[in-house]
Number of protein chains: 2
Amino acid sequence: MLEGDQFVKVAKIKRPQMIDLILEQLQNAILDGQLPVGTRLPPERELASALGVSRASLREALKAAALMGWIEIRPGEGSFVAKATSEKIIQPLSYVLMFDTENIGNIMELRSILEVETAGLAACRRSEEHLSEIRETMQRMEETASRNVEEFLEYDMLFHKKVDKAAGNPVLAKTNLILRELLREANRRVARLTEGRSTAIAAHHRIFTAIETRDEKAAREAALDHLKTVAGFVLDETRARANLIASPGAEVKGLAKPLLSHTERS
Amino acid sequence: MLEGDQFVKVAKIKRPQMIDLILEQLQNAILDGQLPVGTRLPPERELASALGVSRASLREALKAAALMGWIEIRPGEGSFVAKATSEKIIQPLSYVLMFDTENIGNIMELRSILEVETAGLAACRRSEEHLSEIRETMQRMEETASRNVEEFLEYDMLFHKKVDKAAGNPVLAKTNLILRELLREANRRVARLTEGRSTAIAAHHRIFTAIETRDEKAAREAALDHLKTVAGFVLDETRARANLIASPGAEVKGLAKPLLSHTERS
DNA sequence: CCAGATTTGTGGTCAGGCCAATAAACCTGT
DNA sequence: ACAGGTTTATTGGCCTGACCACAAATCTGG
């Protein structure tokens, strides 16, 4: 690419495309308040002729707008201006991170940062209802530990989801969810080990107790220990796998440098 | 997902849409490495018939993929698998956020968590080269403070980018970048104030010094103070705008509860 | 008055066509 | 033989018109 010579700084002339213009106009209309949330857009055929474009072009724009979360298209009904939700806002993150999945160590570090703070926030903000939801999930998780690995994993995920909820920040919750999904395969390998399941249960217990007593510091410490343990499992697994694939002695990417060094703080 | 009623576990029947299926297939192909970056996709007509769909449907999918940054469409040439860049993906959403005070607070909180840890990691891991890059960016930022708001903003962004780089976690860096992009509009409003620019410069100075002396604790504190200040500016601005739009006296959503309460730790 | 059948409106998809931009193959004068 | 412009094939951008599937509104018989 290397756009441009080093002498003239001309923006490459790009003929504006209909779809983009439509998209822009739609965006402006929503931002100007001309189209409040919930407003129903005119039918495609009508809107297309009003804008002076074909229905096909308009549809490409509408589809794009829908994927970006601006509108919701309901077959047989019409298109409606949608509310921006935390899911939609943070969704693009997952698209970007998808290209980095081989870099498990870095994702792990990011996750540990966020989960630690999340646990701390949950300890501060949790309500009684939050607490009982977390407790219930934890108990179900313990029950399934010796029975079904997949079910255990689901309750593991759910536990963290409930903690996220208690932390009261939907954007944070969604981000955590994405990171956990990215690491789901790694976690699955850990959960297959009996030792992995029992240590996870113990860690969740500590986290729960800390949240119950509103002890922010303890919650953060418990979460950090948990994540360190999981990271240890995962990285051992990963390293083992990597060594099977790469030449022996080859460095596993992203794991050579100090990982989780933010451990030694506070 | 688990998000059902507790009685019936019916997933709402949704007729899968061609475009989404195509999109999914494309995504998988890219993630599986079947389509390395730079690969040229078959012509639309050919690909459409190969997939057994109409060219119109395929086009909607390709257009969406292009907007998400997965591919690049060059008229007269073809479609090519592209490296996803976060800026392009996020840009449209940042405007929407201006009117979403609830999530601005939440995103701010998420950003503060990550930037604080990033500063700490940068203090631990930075090299001399990192340091000089950060220093240079900071100096340029100071030079432009009194001249050009847009340029100032760019250097502001760049400063944080350099700190991210020093922290040595690309995934963390990308996430931070996305969050900053999301808040770009808000930051722009802050940077327009002379006071906003001067306090930002002072804060960056503190962060730089802490990183220079490898003082992790100081780096974290400096970053936290900085973010708290920015959050104060942003939320004041947003609140003002929100009150102009919403009915007077209406509570600004999401700001009533403790924000940035993780401040009082360590 | 109401339940079921029918009509109407709407998005989802398709087929085929023309135009515009690009690149590759082709001339053409030197 | 070759540098230059010119033509041609390929490809994406856009349009028209049609049909299908689904949802709501309407009609109809009891």
Side-chain angles (χ1 to χ4, degrees), chain A residues 1-5 10-27 29-30 35 37-82, chain B residues 10-27 29-30 35 37-82 88:
Chain A
M1 278 291 109
L2 257 290
E3 40 257 12
D5 345 312
V10 278
K12 208 193 287 182
I13 297 171
K14 54 177 178 185
R15 198 150 136 288
Q17 297 198 187
M18 267 304 178
I19 284 88
D20 297 318
L21 294 180
I22 299 172
L23 221 42
E24 192 178 334
Q25 199 158 335
L26 218 179
Q27 175 184 324
I30 293 178
L35 299 175
V37 171
T39 307
R40 181 184 159 173
L41 269 54
E44 291 183 352
R45 294 164 177 83
E46 200 176 312
L47 188 53
S49 79
L51 290 172
V53 300
S54 74
R55 200 185 149 208
S57 297
L58 177 67
R59 274 187 58 79
E60 290 190 25
L62 289 181
K63 183 70 187 178
L67 284 176
M68 288 197 265
W70 301 355
I71 66 175
E72 184 188 353
I73 302 179
R74 296 204 281 266
E77 292 184 66
S79 303
F80 303 81
V81 177
Chain B
V10 279
K12 203 191 282 182
I13 296 169
K14 53 175 179 185
R15 192 153 144 288
Q17 297 200 189
M18 270 304 177
I19 285 92
D20 297 318
L21 294 180
I22 299 172
L23 221 41
E24 191 179 335
Q25 200 160 333
L26 219 181
Q27 175 183 322
I30 294 179
L35 299 175
V37 172
T39 308
R40 180 186 159 171
L41 270 54
E44 292 183 353
R45 295 166 178 80
E46 199 175 313
L47 188 53
S49 77
L51 291 172
V53 300
S54 73
R55 202 185 147 207
S57 297
L58 178 68
R59 273 186 59 79
E60 290 190 24
L62 288 180
K63 183 68 187 181
L67 286 176
M68 289 194 272
W70 300 353
I71 65 174
E72 183 187 354
I73 303 179
R74 298 205 279 268
E77 289 185 67
S79 303
F80 302 81
V81 178
K88 289 298 173 189

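No hydrogens, no waters, no symmetry mates; every other heavy atom, side chains included, goes into these values. Every chain is numbered from 1 and lettered A, B, ... according to where its sequence line falls, protein lines coming before strand lines.
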Flag side-chain contact, heavy atom, 4.5 Å: Leu23(B) against Leu67(A): yes

Separation of Ile19(A) atom CD1 from dC14(D) atom C1', in whole Å? 8 Å

Checking Val53(A) against Ile22(A) for the side-chain contact (heavy atoms from CB on, under 4.5 Å) test, could you report, in this order, the C-alpha distance in whole Å, the side-chain angles of both residues, the deciding distance, and whether it holds? CA-CA 9 Å; Val53(A) 300; Ile22(A) 299 172; 3.9 Å; yes

Kindly indicate whether the side chain of Lys63(A), heavy atoms from C-beta on, has any atom under 4.5 Å from the side chain of Asp20(B). yes

Leu58(B) has an atom CG; how far is it from atom P of dG16(C), in whole Å? 16 Å

Check for a donor-acceptor pair, side chain of Arg40(B) on one end and backbone N or O of Glu77(B) on the other, with a separation under 3.5 Å. yes

So, OP1 or OP2 of dC14(C): does either fall under 4.0 Å of a side-chain N or O from Ser57(B)? yes

May I have the distance from Leu51(A) (atom CG) to dC14(D) (atom C1'), rounded to whole angstrom? 15 Å

Is the distance from OP1 or OP2 of dT10(C) to the nearest side-chain N or O of Arg40(A) less than 4.0 Å? yes

Does a side-chain N or O of Arg45(A) approach OP1 or OP2 of dT10(C) to a distance below 4.0 Å, or not? no

Counting any heavy atom closer than 4.0 Å, what does Leu62(A) reach on the DNA or RNA strands: base, sugar-phosphate only, or nothing? nothing

Send over the distance from Gln17(A) CD to dC15(D) P, rounded to a whole Å. 12 Å

Please evaluate residues Leu41(B) and Leu62(B) with respect to the criterion side-chain contact (heavy atoms from CB on, under 4.5 Å), reporting the C-alpha separation (whole Å), side-chain torsions for both, the decisive distance (0.1 Å), and the verdict. CA-CA 10 Å; Leu41(B) 270 54; Leu62(B) 288 180; 4.1 Å; yes

Nearest-nucleotide comparison on DNA chain D, the residue closer to the 5′ end among Ser54(A) and Glu46(B): Glu46(B)

Of the options dT11(D), dT13(C), dG13(D), whose atoms approach the side-chain atoms of Met18(B) most closely? dT13(C)

What is the distance from NZ of Lys63(A) to C1' of dT10(C), rounded to the nearest Å? 15 Å

Sorted by position of nearest nucleotide on DNA chain D, 5' first, the leading residue of Glu77(A) and Leu41(B) is Leu41(B)

Whole angstrom value for the distance that separates P of dG9(C) from CD1 of Ile73(A): 21 Å

Look at the side-chain N and O atoms of Arg55(B) and state whether any lies under 4.0 Å from the OP1 or OP2 oxygen of dG16(C). no

Whole-Å distance between dC18(C) C1' and Arg59(B) CZ? 14 Å

Taking OP1 and OP2 of dT10(C), is either one under 4.0 Å from a side-chain nitrogen or oxygen of Ser79(A)? no

Whole Å only: how far is the CD atom of Glu60(A) from the P atom of dG12(D)? 13 Å

